[in-house]
K.L.:
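First the structure, which I've put down as structure tokens, then a few questions once you've had a look.
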Amino acid sequence: MAVGAAIGVSAGLGVVGFYKLIDGAYFVFAKWLGQRVEPLAHAVTLPLITTAGMLAAWALVRHTRTPEGQNVPDVQRAVAKQGGEIPSRPVVIRTIASALTLGSGASAGSEGPVAVLGAATGSAVGRLFELRARWVKILVGCGAAAGIAGAFNAPFAGAFFALEEVLGSFSVGAFSPVVVSSVVGAVTVRSFLGTHPAFAVPTFGETPAFAIVFLFPLLGVACGLVSALYVKAYFGALDIAKRIPGPPAIVPIIGGLITGAIVVASRGLLVGNGHLAIPPEVFGGTAWYLLIALALAKIVCTAVTLGFGGSGGVFTPTLFIGAALGGGIGSVMTSLFPGLPLHPQRWAMVGMAGLVAGAARAPLTAMFMVFELTDDYTIVPALMLVTVLSLYVSRRFVAYGLYDGWLERRGEHLAHGADRRLLERMRASDAMAHDAPTVDVTATLATIAATASRARHSAIPVLEEGRLAGLISYEDIRDALLHRGELASVLLAADLATPVDVVTPGDSLRVALSRMNARAVDAIPVVDSEQDRRYLGVLSRADLLAAYERELAHEI
């Protein structure tokens with residue numbers, strides 16, 4: 001946790017430094033160049049300025065031979081397959097390229113670069129102290145959490161982003177240092193940039209139950225559909241860019257001209273100063289059809305910017321799209337039900353969460369981030385409903401989101417911070433322990449305690465004539481010893497055993513891991529079949545990950 005706090009400070013300073021780079025690029029492109037032309041010529045020069053910024057970012061990446069990636073999916077891959085090792089030089093170059101892209105008025109997010117920069121900081125610290133791969137991965141999560149927390153002034157959301165998206169695990173060992181780093185990162189940025197929230201949105205009273213049950217589900221479905229459109233447009237732009245004939249430099253030039261022209265048509269609403277600011281008009285102060293048009297235009301701008309040579313993240317544009325979509329639908333509902341206090345601004349905030357859940361496949365991060373930004377508990381029921389519906393609808397139309405889709409296109413199949421392909425290939429029999437101590441259903445508490453003292457797993461299997469009767473956890477044993485009083489002397493293993501999920505030797509490690517996660521346990525019994533339940537051994541999370549690491553080493 002102490003190292004996590006230090007990484008939080010470093011990542012927070014990285015956020016501040018990155019924002020200063022954006023300010024510098026914005027000054028050069030938007031102010032120094034933009035103010036030297038007459039207002040009438042601004043519609044012509046703005047696309048050229050955006051083109052110059054995208055071309056500069058593309059040239060920097062190309063001439064330094066920086067490989068593709070250095071984004072959130074790349075960090076996920078490093079955690080799953082490279083022991084958390086993230087080279088620092090490519091990340092720094094990509095961060096500078098992102099500042100050039102954002103400062104020139106192109107459409108991208110600043111959260112991706114700061115999350116990756118923080119993750120690279122955690123990786124560098126872990127390698128400096130020669131820590132084990134498991135701890136390096138956790139420090140990578142610490143850095144990503146601090147970067148997101150500092151960027152959005154939302155430590156809660158930063159922690160859940162790292163746990164849900166980067167590490168793919170909510171284990172106790174990772175939770176504490178990640179939370180500490182997230183808080184410290186947010187506090188560090190606040191000392192430089194102030195304590196104002198990322199989006200200034202007023203709070204309102206209770207949301208009508210009628211709206212939650214009958215109206216907000218429509219927003220959830222809409223968010224899911226638009227999320228699927230966003231994902232397809234993003235990857236479609238990458239494919240189109242590869243098919244453009246001519247010299248490579250023509251791609252960022254075309255992308256800059258298209259993006260700049262759309263920004264001019266929006267009268268500047270699609271781009272601010274490169275930071276997280278979303279214009280107040282997007283939160284419901286504009287006609288509904290214009291807000292829907294802004295959401296669609298932002299999809300095109302972001303897809304073209306990142307697909308045609310620009311650098312940056314996808315998270316912040318996702319928030320913009322969700323806000324515009326939610327604000328537009330909220331305006332329609334307000335006009336249809338004038339007697340209800342619906343407030344388009346509230347719909348815009350809920351729309352943010354819906355788009356993040358559907359496009360990034362991060363429902364927990366989406367809910368906690370919007371709740372933290374609004375500090376409005378009354379919004380939570382609508383948040384939960386919309387995020388779940390959006391995620392479901394999006395999955396019906398596209399198999400992958402923005403992050404896992406990027407990996408899938410490169411032959412990577414990751415889940416829960418691990419290589420899903422390897423987990424599917426390996427069986428429970430490859431990692432199970434056959435010699436784990438067991439007790440009979442008639443065993444006394446003294447026998448159970450003695451057995452637990454020599455066991456290396458967190459639970460003791462209870463058998464009846466060789467068949468599994470249940471598990472006794474260490475917490476159950478401790479509770480019986482401390483709080484059962486006179487009953488402790490008459491307790492048997494059958495009294496303490498609790499039913500548990502099982503796996504068979506032929507089940508994949510992915511199935512075993514999912515069942516452990518569903519029950520929040522660190523060990524699961526292995527039986528010959530789910531009907532007969534004849535006991536064979538125990539598969540622990542530690543043994544599963546050890547077998548995975550061994551197989552991964554051979555794979556690499």
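Positions are given from 1 along the sequence. This one's a predicted model, so the numbers in the text were calculated from it and none came from an experiment.
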K.L.:
Side chain of Arg127, backbone of Val136: donor and acceptor closer than 3.5 Å?
P.N.:
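Not at all, since once roles are kept as given, no pair shorter than 3.5 Å links the two residues.
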K.L.:
Which distance, rounded to the nearest 0.5 Å, do you find between the CG of Leu325 and the CG of Leu219?
P.N.:
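Nearest 0.5 Å value for the CG-CG distance: 6.0 Å.
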K.L.:
Side chains of Asn153 and Val189: does their closest heavy-atom pair fall under 4.5 Å?
P.N.:
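No, side chains not in contact.
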K.L.:
Any sub-3.5 Å donor-acceptor pair from Ser181's side-chain atoms to Cys142's backbone N or O?
P.N.:
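Yes: the side chain of Ser181 pairs with the backbone of Cys142.
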K.L.:
Rounded to the nearest 0.5 Å, what's the gap from CD on Glu372 to CZ on Phe156? Could you check?
P.N.:
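One gets 7.0 Å once the value is rounded to the nearest 0.5 Å.
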K.L.:
Mind checking ring pair (Phe, Tyr, Trp, His ring centres under 6.0 Å) for Phe18 and listing every partner two or more places apart, or none if nothing turns up?
P.N.:
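Listed in chain order: nothing, the list is empty.
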K.L.:
Lys137 side chain to Gly84 main-chain N or O, any donor-acceptor pair under 3.5 Å?
P.N.:
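No.
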K.L.:
Not counting sequence neighbours, list each pair that qualifies as a side chain to side chain donor-acceptor pair (under 3.5 Å) and has a residue in residues 351-369.
P.N.:
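Sorted pair list: Glu164-Thr365, Arg361-Ser394.
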K.L.:
Which atoms form the tightest heavy-atom contact between Pro113 and Ser110, and what is the distance?
P.N.:
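Closest approach of Pro113 to Ser110: CD-O, 3.5 Å.
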K.L.:
Using side-chain heavy atoms (C-beta onward) and a distance below 4.5 Å, is Ser390 in contact with Leu355?
P.N.:
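They are not in contact (no side-chain heavy atoms under 4.5 Å apart), so the answer is no.
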K.L.:
Return all side-chain donor-acceptor pairs below 3.5 angstrom for residues 228-256, not counting sequence neighbours, or 'none' if the list is empty.
P.N.:
from, atom 1, to, atom 2, distance (Å)
Tyr230, OH, Val314, O, 3.3
Asp239, OD1, Arg409, NH2, 2.6

K.L.:
Short question: side chain of Ser331, backbone of Trp288 - any donor-acceptor pair under 3.5 Å?
P.N.:
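Answer holds: no.
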K.L.:
To the nearest 0.5 Å, tell me how far Leu46 CG sits from Ser104 OG.
P.N.:
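If I round to the nearest 0.5 Å, the distance is 9.0 Å.
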K.L.:
Would you say the ring centroid of Phe315 lies under 6.0 angstrom from that of Phe152?
P.N.:
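Ring-ring flag for Phe315/Phe152: true, centres closer than 6.0 Å.
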K.L.:
Are Met349 and Arg346 packed together at the side-chain level, in the sense that at least one heavy-atom pair is separated by less than 4.5 angstrom?
P.N.:
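A side-chain contact under 4.5 Å is absent here.
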K.L.:
How would you list, by chain and number, every residue that makes a side-chain contact (heavy atoms from CB on, under 4.5 Å) with Ala366, sequence neighbours excluded?
P.N.:
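Expected list: Ala353, Val356, Ala357, Thr387.
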K.L.:
Compare all side-chain heavy atoms of Tyr26 with those of Leu102 and state whether any distance is below 4.5 angstrom.
P.N.:
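Result no, sub-4.5 Å side-chain heavy-atom pair not found.
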K.L.:
Could you list the donor-acceptor pairs under 3.5 angstrom formed between side-chain atoms of residues 292-312 and any protein atom two or more places apart in sequence or on another chain?
P.N.:
from, atom 1, to, atom 2, distance (Å)
Lys298, NZ, Ser107, OG, 3.0
Lys298, NZ, Leu270, O, 3.0
Thr302, OG1, Ser107, OG, 2.9
Thr302, OG1, Lys298, O, 2.8
Thr305, OG1, Ser107, N, 3.2
Thr305, OG1, Ser107, O, 3.4
Thr305, OG1, Thr259, OG1, 3.4
Thr305, OG1, Cys301, O, 2.8
Ser311, OG, Arg94, NH1, 3.2

K.L.:
Step by step, work out the side-chain contact (heavy atoms from CB on, under 4.5 Å) result for Val350 and Val370.
P.N.:
CA-CA 7 Å; Val350 176; Val370 173; 5.8 Å; no
K.L.:
I'd like to know whether Leu257 forms a side-chain contact (heavy atoms from CB on, under 4.5 Å) with Thr50, so could you lay out the CA-CA distance, the side-chain angles of the two residues, the decisive distance to 0.1 Å, and finally the verdict.
P.N.:
CA-CA 7 Å; Leu257 292 174; Thr50 303; over 6 Å; no
K.L.:
Tell me the closest heavy-atom pair linking Ala145 and Val178, and the distance in Å.
P.N.:
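Scanning both residues completely, I find the closest heavy atoms to be CB-CG1, 3.8 Å.
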K.L.:
Which atom pair, heavy atoms only, marks the closest approach of Pro73 to Trp406?
P.N.:
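Closest pair (atom of Pro73, atom of Trp406, distance): CB-CE3, 3.5 Å.
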K.L.:
Please step through side-chain contact (heavy atoms from CB on, under 4.5 Å) for the pair Leu215 and Trp347, ending with a clear verdict.
P.N.:
CA-CA 10 Å; Leu215 301 184; Trp347 286 70; 3.7 Å; yes
K.L.:
Applying salt bridge (Lys or Arg N to Asp or Glu O under 4.0 Å) as the test, list every pair that has at least one member in residues 57-76; sequence neighbours left out.
P.N.:
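Every pair satisfying salt bridge (Lys or Arg N to Asp or Glu O under 4.0 Å) with a residue in residues 57-76: Glu68-Arg410, Asp74-Arg77.
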K.L.:
Just so I know, are the side chains of Leu509 and Leu513 near enough to count as touching, which here means a heavy-atom distance under 4.5 Å?
P.N.:
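No; the side chains remain at least 4.5 Å from each other.
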K.L.:
Which atoms form the tightest heavy-atom contact between Val15 and Gly147, and what is the distance?
P.N.:
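Looking at all heavy atoms of both residues, the shortest contact is CG2-O, 3.7 Å.
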K.L.:
Do you know which two heavy atoms are closest between Pro67 and Pro90, and how far apart they sit?
P.N.:
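Nearest pair, atom of Pro67 first, then Pro90: CD-CB, 4.3 Å.
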K.L.:
Roughly how far apart are Phe371 CZ and Leu383 CG, rounded to 0.5 Å?
P.N.:
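Atom-to-atom, Phe371:CZ and Leu383:CG are 9.0 Å apart.
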K.L.:
Which pair of non-hydrogen atoms, one from Ser227 and one from Cys223, has the smallest distance, and what is that distance?
P.N.:
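Shortest heavy-atom contact: OG-O, 2.6 Å.
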K.L.:
For the CD atom of Gln76 and the CG atom of Asn71, what is their distance to the nearest 0.5 Å?
P.N.:
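Going from the CD atom of Gln76 to the CG atom of Asn71 covers 8.5 Å.
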K.L.:
Closer than 3.5 angstrom, by distance alone: can the side chain of Ser123 be matched with the main-chain N or O of Ala119 as a donor-acceptor pair?
P.N.:
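Not confirmed, Ser123 side chain does not pair with Ala119 backbone.
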K.L.:
Between CD1 of Ile93 and OG of Ser98, what distance do you get to the nearest 0.5 Å?
P.N.:
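Result: 12.0 Å between the selected atoms.
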K.L.:
Are the side chains of Pro87 and Gln70 in touch, meaning some heavy atoms are under 4.5 Å apart?
P.N.:
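No, every pair of side-chain atoms sits at 4.5 Å or beyond.
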K.L.:
Could you tell me whether the side chain of Thr316 and the main chain of Gly109 form a donor-acceptor pair under 3.5 Å?
P.N.:
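Between the backbone of Gly109 and the side chain of Thr316 there is no qualifying donor-acceptor contact (under 3.5 Å).
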